[in-house]
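We name chains A, B, ... by the order of the sequence lines, and we start the count at 1 in each one.
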There are 2 protein chains.
Amino acid sequence: MALERNTAQRRAILDAIVKTDRPLTPDEILQAAREAVPRMGMATVYRAVKALEASGKIVAVELPGEGRRFEAAGKKHHHHFHCRGCGRMFDLHGCTGNFQALLPAGFRMEDHEVFLYGQCRECSRNR
Amino acid sequence: MALERNTAQRRAILDAIVKTDRPLTPDEILQAAREAVPRMGMATVYRAVKALEASGKIVAVELPGEGRRFEAAGKKHHHHFHCRGCGRMFDLHGCTGNFQALLPAGFRMEDHEVFLYGQCRECSRNR
DNA sequence: TGTTAACTGATATCGTTCTCTCATTACCAC
DNA sequence: GTGGTAATGAGAGAACGATATCAGTTAACA
């Protein structure tokens with residue numbers, strides 16, 4: 001079904017995601033992929049992203065109050081930083097958690113997420 | 001301007017939020033408030049919630065990929081648990097974080113969020 | 001190279017959350 | 001009480017991300 005053909009668009013989209021070390025919004029993906037295929041449309045991004053996600057090549061990252069972003073699959077466990085200056089999302093490395101301690105009796109934890117908010121390097125400098 | 005009159009609707013809405021120890025969606029607020037004012041409409045919930053938030057009586061909580069929820073302001077620092085069984089959000093108490101350690105050089109952290117996912121007490125039991 | 005079905009881009013449409021409009025209701029200062 | 005006006009309820013509508021449609025294009029395989 002999906003993603004059977006190796007088109008310039010899909011190569012550009014996967015490339016954009018894999019070569020960037022932070023999660024990208026569909027819009028950021030479109031901007032990046034248009035450097036290779038200038039007339040690409042948004043629908044193509046959504047179609048490719050859906051197929052790439054289904055095939056396990058990329059994963060979705062969601063930030064509270066924001067749309068979905070996508071990054072390459074297979075990275076080791078990590079969390080994210082959201083810059084309030086430029087709105088970009090960055091990868092953090094490692095995880096300090098002992099989150100089991102927060103869990104009320106009887107609750108079962110399957111997963112956890114940590115988000116840090118603040119100013120990225122560039123935005124820290126520019127003020 | 002807003003929230004100048006003490007109406008039954010606004011009392012019911014603030015009551016619903018304050019008396020529940022977990023963040024509520026606008027829909028959950030409407031359901032709860034309708035026990036006091038059966039014919040209440042959704043717009044009233046949104047209007048009241050907006051005014052209550054502006055006045056600092058409640059705060060918004062956002063979960064990745066979900067709409068906004070609201071809880072009483074003034075609670076001490078805490079995080080949230082999202083049950084994948086029933087979809088409800090619960091308060092956790094305390095915070096284990098030493099998140100500064102995750103921060104890349106040059107980044108400035110202003111805030112952090114932790115979300116745990118899994119099954120709440122009831123949903124753990126019912127399976 | 002030719003055939004054909006998958007893919008593409010443009011646009012319309014969706015679904016969800018939230019806001020607006022407006023006629024009616026009801027709070028509250030007097 | 002009464003009047004002025006903020007607040008309400010119901011439904012329309014905006015905003016947004018995401019999906020469907022469809023005619024035209026192109027990869028892949030013989």
*Round to the nearest Å and state the distance from B/R39 atom CZ to D/dG11 atom C1'.*
13 Å
*asked:* Between P on D/dC16 and CG on A/D27, what's the gap in Å once rounded to a whole number?
replied: 12 Å
*If a protein heavy atom is under 4.0 Å from the base, mark B; if only from the sugar-phosphate, S; if neither, -; do that for nucleotides 19-30 of chain C going 5' to 3'.*
BBB----BBS--
_Interatomic distance, B/L30 CG vs D/dG11 C1' [rounded to whole Å]_ = 15 Å
_Applying a strict under-4.5 Å side-chain criterion to I, L, V, M, F, W and Y, I'd like to know whether A/M42 and A/L24 cluster together._
yes
For residues 90-107 of chain A, which side-chain donor-acceptor pairs fall under 3.5 Å, sequence neighbours excluded?
from, atom 1, to, atom 2, distance (Å)
A/D91, OD1, A/H80, NE2, 3.4
A/D91, OD2, A/K75, NZ, 2.6

*Quick one: sort the A/F115 and A/Y117 rings into parallel, tilted or perpendicular, breaks at 30° and 60°.*
tilted
*If you pin B/R68 and A/T44 to their nearest nucleotides in DNA chain C, which one's is more 5'?*
A/T44
_Has B/T44 got a side-chain atom pairing as donor or acceptor with B/M40's backbone, closer than 3.5 angstrom?_
no
*Mapping A/G41 and B/P26 onto DNA chain C by nearest heavy atom, which one lands closer to the 5' end?*
A/G41
*Measure from CZ on A/R34 to P on C/dT8 and round the result to the nearest Å.*
14 Å
*With sequence neighbours left out, which residue pairs that include part of residues 81-90 of chain A fulfil the salt bridge (charged side-chain N to carboxylate O under 4.0 Å, His left out) condition?*
A/R84-B/E110, A/R84-B/D111, A/R88-A/E122
*What's the CZ-P distance between B/R69 and C/dC18, to the nearest Å?*
11 Å
*asked:* Suppose we call two aromatic rings close when their centres sit under 6.0 Å apart. Are B/H112 and A/H82 close by that rule?
replied: no
*Could you state the CD-P distance from A/E66 to C/dT17, rounded to the nearest angstrom?*
17 Å
